Amino acid sequence: MTAIRLTNTMTHRKEVFAPLDPANVRMYLCGPTVYDRAHLGNARPVVVFDVLYRLLRHVYGPGHVTYVRNFTDVDDKIIAKAAATGRPIGDITEETIGWYHADMDALGALRPTHEPRATDYIPQMVAMIEELIARGHAYAAEGHVLFAVDSWREHYGALSGRSVDDMIAGARVEVAPYKRNPMDFVLWKPSADDQPGWDSPWGKGRPGWHIECSAMSDALLGSSFDIHAGGIDLQFPHHENEIAQSMCVHPEASFAQVWMHNEMLQVEGKKMSKSLGNFFTVRDLLDKGVPGEVIRFVLLGTHYSKPMDWTEKKREEAEATLRKWWALTASLDDVGPLAPPKKLIDALANDLNTAGAIAVLHELAGSVKALELAAGLEFLGLEETPSLGAVGSFGLGVDTAVLEAANALARRWMALREAKDFSAADSLKVRAAEIGVELTVLREGKVQSGNAAVLGRPSLAQLEALK
RNA sequence: GGCGGGUUGGCGGAGAGGUUACGCAGCGGAUUGCAAAUCCGUGAAGACCGGUUCGAUUCCGGUACCCGCCUCCA
């Protein structure tokens with residue numbers, strides 16, 4: 001069996017992965033708060049850990065991996081959006097979840113085994129909070145329930161490498177009179193009448209942010225499971241707080257064995273932020289005609305443990321590379337599921353070295369091993385999605401009639417070339433390029449043929465006009 | 001202030017204590033109506049200072065610089 005090695009953020013070491021139960025390998029990824037479209041930074045962990053999911057399924061069997069990714073559908077940002085738009089919260093979360101699925105599907109991410117919504121697990125959260133109070137790790141105060149970090153002082157901070165004392169020294173925490181220690185964090189908070197709330201022993205209220213992941217991972221994966229993943233920004237305080245909650249409720253258990261965190265995404269060398277104006281969503285890119293596979297390729301081109309920079313140049317290179325590979329594999333007959341190349345699996349098994357895996361694909365393409373290339377592309381989720389169009393097309397939603405018209409154009413162009421009417425041929429080529437159709441020569445031995453690549457969004461009328 | 005990450009050839013970006021990463025671009029050539037694509041060949045690296053070692057870009061320490069998190073935008 002392939003030995004998978006993963007860097008465990010908890011120990012800062014690359015360790016050989018040994019699941020608690022090989023018949024049921026369990027991983028949890030912190031999912032989105034559903035109040036708006038997912039931006040590119042949100043997509044990185046989804047794509048990176050989708051590759052981990054694929055690798056685990058390959059090694060342990062597709063039926064032996066349980067992957068949970070939650071939806072946070074109760075949160076102050078959602079409440080704020082509802083207030084600003086006058087729309088019901090349920091409408092907003094439902095719509096956003098639909099967007100999320102569509103966008104992540106476009107990036108080739110497989111759907112997790114379970115996608116629990118926080119609001120479906122309120123009773124479990126309340127039970128967990130009650131248990132924390134009973135065990136002396138939490139206390140109610142002014143309608144709130146807070147986790148008492150002093151009750152867990154010697155352990156709190158292990159993941160992020162800080163001690164309670166360190167953090168108080170640098171204190172940038174919300175100071176509230178009802179907190180015993182400024183580092184104490186909210187498990188439950190009161191809701192006003194116009195805010196979503198549930199009855200609880202502490203009055204009508206709603207959960208704090210961290211408790212949902214503890215409750216849902218416990219319900220779906222158990223009190224000890226294998227991998228917990230997310231962006232490095234979640235390491236503190238979110239994951240630290242999850243650990244505190246879960247370990248205090250189940251001191252006999254070990255919670256997550258391996259913690260994995262991806263580094264942050266930047267755009268043209270700078271942090272993506274609304275104030276810098278370089279903030280964009282996955283949907284923005286898709287709408288601009290960047291195929292999901294291209295976005296995925298760029299995201300996988302940098303190892304997850306390093307900051308990754310999204311640049312226009314990378315987008316172009318990724319697009320050119322994929323176009324080349326798809327052309328190489330397009331002529332293959334459908335030969336059914338293919339075993340991924342061993343070298344590719346070896347690269348991924350080494351701490352999810354996706355950049356190394358892509359290098360393996362480059363080597364396969366260079367030595368014209370089309371079958372293995374196709375298998376590798378499929379494994380990484382980079383195969384050309386059949387619905388996108390026929391051979392030679394590149395781009396989303398090019399419909400058949402447009403494609404047929406473009407191909408007719410290519411045939412006409414070749415006819416002009418063969419008749420040595422080069423000025424007419426060149427003129428046609430230039431005009432085709434203007435509406436986003438690239439005409440090129442394909443050679444197979446001594447036989448030449450014209451090829452049309454639809455790069456833009458030409459209308460049928462525009463294509464007809466060139467005839 | 002606390003915590004963490006990074007610094008590899010023109011650019012992007014990996015592994016590995018000793019043997020070519022890989023890609024893009026460049027350069028030389030083939031092919032070509034012109035292009036594009038393709039094919040063959042090719043130069044180029046490891047921030048700085050020490051240490052360990054027969055040998056370090058790879059391990060350890062220090063210096064410099066860059067970046068992120070702790071603060072509604074992951």
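Just so you know, these numbers come straight off a predicted model, no measurement behind them.
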Chemist: Could you work out which one of B:rG33, B:rA14, B:rG5 sits closest to the side chain of A:Asn353?
Modeler: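 Closest nucleotide among those given: B:rA14.
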Chemist: Would the base of B:rG33 count as contacting A:Asp426 through its side chain, where contact means a donor and an acceptor less than 3.5 Å apart?
Modeler: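 Under the 3.5 Å cut-off, the side chain and the base do form a donor-acceptor pair.
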Chemist: Between B:rG12 and B:rA45, how far apart are the C1' atoms? Round to whole Å, please.
Modeler: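 That atom pair is separated by 13 Å.
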Chemist: Classify A:Gln266 by what it touches in the nucleic acid, base, sugar-phosphate, or nothing, heavy-atom distance under 4.0 Å.
Modeler: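 It contacts sugar-phosphate atoms only.
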Chemist: Return the nucleotide paired to B:rC3: Watson-Crick means purine N1 to pyrimidine N3 with N6-O4 or O6-N4, wobble means G-U with N1-O2 and O6-N3, both under 3.5 Å.
Modeler: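 Pairing partner, where one exists within any strand: B:rG68.
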Chemist: Does the structure show a Watson-Crick or G-U wobble partner for B:rG61, both distances under 3.5 Å? Name it, or say none.
Modeler: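 By the stated definition (distances under 3.5 Å), B:rC49 pairs with B:rG61.
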Chemist: Rounded to the nearest angstrom, tell me the gap between atom NZ in A:Lys420 and atom C1' in B:rG33.
Modeler: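 These atoms are roughly 7 Å apart.
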Chemist: Please report the distance, rounded to the nearest Å, between CG in A:Leu348 and C1' in B:rG15.
Modeler: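 Distance, rounded to whole Å: 14 Å.
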Chemist: Within this structure, what is the CG-to-C1' distance between A:Leu364 and B:rA21, rounded to whole angstrom?
Modeler: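 A:Leu364 atom CG is separated from B:rA21 atom C1' by 14 Å.
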Chemist: Is it true that A:Arg69 and A:Asp50 have a side-chain N and a carboxylate O under 4.0 angstrom from each other?
Modeler: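 The answer is no: the pair does not qualify as a salt bridge.
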Chemist: On RNA chain B, check which nucleotide each of A:Gln235 and A:Gly41 is closest to and give me the residue with the more 5' one.
Modeler: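 Checking each residue's closest nucleotide, the 5'-ward one belongs to A:Gln235.
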Chemist: Roughly how far apart, to the nearest Å, are B:rG29 and B:rU20 at atom P?
Modeler: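 About 28 Å, rounded to a whole number of Å.
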Chemist: Could you tell me how far B:rU52 sits from B:rA44 if I compare only their C1' atoms? Round to whole Å.
Modeler: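 The same atom, C1', in both gives a distance of 30 Å.
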Chemist: When you measure from the side chain of A:Asn350, which nucleotide among B:rC70, B:rA16, B:rC73 comes out closest?
Modeler: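 Closest nucleotide to the A:Asn350 side chain: B:rA16.
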Chemist: With a non-hydrogen cut-off below 4.0 angstrom, is A:Tyr35 in contact with a base, only sugar-phosphate, or nothing?
Modeler: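 Sugar-phosphate only.
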Chemist: Closest approach to the side chain of A:Phe236, judged atom by atom: which nucleotide of B:rA36, B:rC70, B:rC22 is it?
Modeler: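 So the side chain of A:Phe236 is nearest to B:rC70.
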Chemist: I want to verify a distance call: between B:rG23, B:rA14, B:rG5, whose nearest atom is closest to the A:His12 side chain?
Modeler: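 So the nucleotide nearest the side chain must be B:rG5.
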Chemist: Of all the nucleotides listed (B:rG5, B:rA14, B:rG23), which has the minimum atom distance to the side chain of A:Lys306?
Modeler: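 Nearest to the side-chain atoms of A:Lys306, counting from C-beta on, is B:rA14.
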Chemist: When the P atoms of B:rA21 and B:rG61 are compared, how many Å lie between them, rounded to an integer?
Modeler: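 About 27 Å, rounded to a whole number of Å.
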Chemist: Considering only side-chain heavy atoms of A:Glu363, which listed nucleotide, B:rA21, B:rA36, B:rG68, is closest?
Modeler: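 The answer is B:rA21, which lies nearest to the side chain.
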Chemist: Considering only side-chain heavy atoms of A:Thr440, which listed nucleotide, B:rC73, B:rA35, B:rC69, is closest?
Modeler: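 Side chain of A:Thr440 sits closest to B:rA35.
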Chemist: Without decimals, in angstroms, what is the distance between A:Glu263 CD and B:rU7 P?
Modeler: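 It is 12 Å, rounded to the nearest whole Å.
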Chemist: Looking only at the aromatic ring of each residue, does the gap between the centers of A:Phe71 and A:His101 stay below 6.0 angstrom?
Modeler: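 They qualify: ring centres under 6.0 Å apart.
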Chemist: Measure distances between side-chain N and O atoms of A:Lys324 and base N and O atoms of B:rA37, and say whether any donor-acceptor pair falls under 3.5 Å.
Modeler: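 Such a pair does not exist between side chain and base.
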Chemist: Just how far, in rounded Å, is C1' of B:rA21 from CD1 of A:Ile358?
Modeler: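 Taking CD1 of A:Ile358 and C1' of B:rA21, I get 14 Å after rounding.
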Chemist: Is it true that A:Arg153 and A:Asp150 have a side-chain N and a carboxylate O under 4.0 angstrom from each other?
Modeler: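 Between A:Asp150 and A:Arg153 there is a salt bridge, with a charged N closer than 4.0 Å to a carboxylate O.
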Chemist: Report yes if some heavy atom in the side chain of A:Ile345 is under 4.5 Å from a heavy atom in the side chain of A:Leu55; otherwise report no.
Modeler: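 Sidechains of A:Leu55 and A:Ile345: in contact.
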Chemist: Any side-chain heavy atom of A:Arg37 within less than 4.5 Å of one from A:Val282?
Modeler: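 A:Arg37 does not reach A:Val282 side chain to side chain.
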Chemist: May I ask you to say what A:His303 touches in the nucleic acid, namely base, sugar-phosphate or nothing, with a heavy-atom cut-off under 4.0 Å?
Modeler: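 A:His303: backbone/sugar contact only, no base atoms under 4.0 Å.
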Chemist: What is the separation between atom NZ on A:Lys314 and atom P on B:rA25, rounded to the nearest whole Å?
Modeler: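 For the pair A:Lys314 NZ and B:rA25 P, the rounded distance is 16 Å.
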Chemist: Distance between the P atoms of B:rG15 and B:rU58, in whole angstroms?
Modeler: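 Looking at atom P only, B:rG15 and B:rU58 are 14 Å apart.
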Chemist: Are any of the side-chain nitrogens in A:Glu404 or A:Arg411 under 4.0 Å away from the carboxylate oxygens of its partner?
Modeler: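 Counted as a salt bridge, because a side-chain N and a carboxylate O are separated by less than 4.0 Å.
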Chemist: Just compare B:rG5, B:rG13, B:rA16 and give me whichever is closest to any side-chain atom of A:Lys14.
Modeler: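 Of the candidates, B:rA16 comes closest.
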Chemist: Considering heavy-atom distances to RNA chain B, does A:Glu317 or A:Gly301 have its closest nucleotide positioned more toward the 5' end?
Modeler: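 The residue whose closest nucleotide sits nearer the 5' end is A:Gly301.
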Chemist: Which one, B:rC11, B:rC73, B:rG13, comes nearest to the side chain of A:Lys313?
Modeler: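 So the side chain of A:Lys313 is nearest to B:rC11.
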Chemist: What is the distance from CE of A:Met264 to P of B:rU71, rounded to the nearest Å?
Modeler: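 Atom-to-atom, A:Met264 to B:rU71, this comes out as 15 Å.
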Chemist: Could you work out the separation of B:rC11 and B:rG26 based on their C1' atoms and round it to a whole Å?
Modeler: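 Approximately 11 Å lies between the C1' atom of B:rC11 and that of B:rG26.
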Chemist: Using atom P of each nucleotide, how far apart are B:rU8 and B:rC67 to the nearest Å?
Modeler: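 These two P atoms come out 14 Å apart once rounded.
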Chemist: May I ask you to verify if any side-chain N or O of A:Thr302 is less than 4.0 angstrom from the OP1 or OP2 atom of B:rG13?
Modeler: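 Answer is yes, contact under 4.0 Å.
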Chemist: Look at the side chain of A:Phe279 and decide which nucleotide, out of B:rC70, B:rA35, B:rC73, has an atom nearest to it.
Modeler: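 Closest nucleotide among those given: B:rC73.
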Chemist: What heavy-atom pair brings A:Arg54 and A:Glu378 nearest, and what distance separates the two atoms?
Modeler: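 Closest heavy-atom pair between A:Arg54 and A:Glu378: NH1-O, 3.4 Å.
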Chemist: Distance between the P atoms of B:rU19 and B:rC24, in whole angstroms?
Modeler: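 Taking atom P in both B:rU19 and B:rC24, they lie 25 Å apart.
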Chemist: Is the A:Phe225 to A:Phe255 ring centre distance short of 6.0 Å?
Modeler: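 Yes, they do, as the ring centres are separated by less than 6.0 Å.
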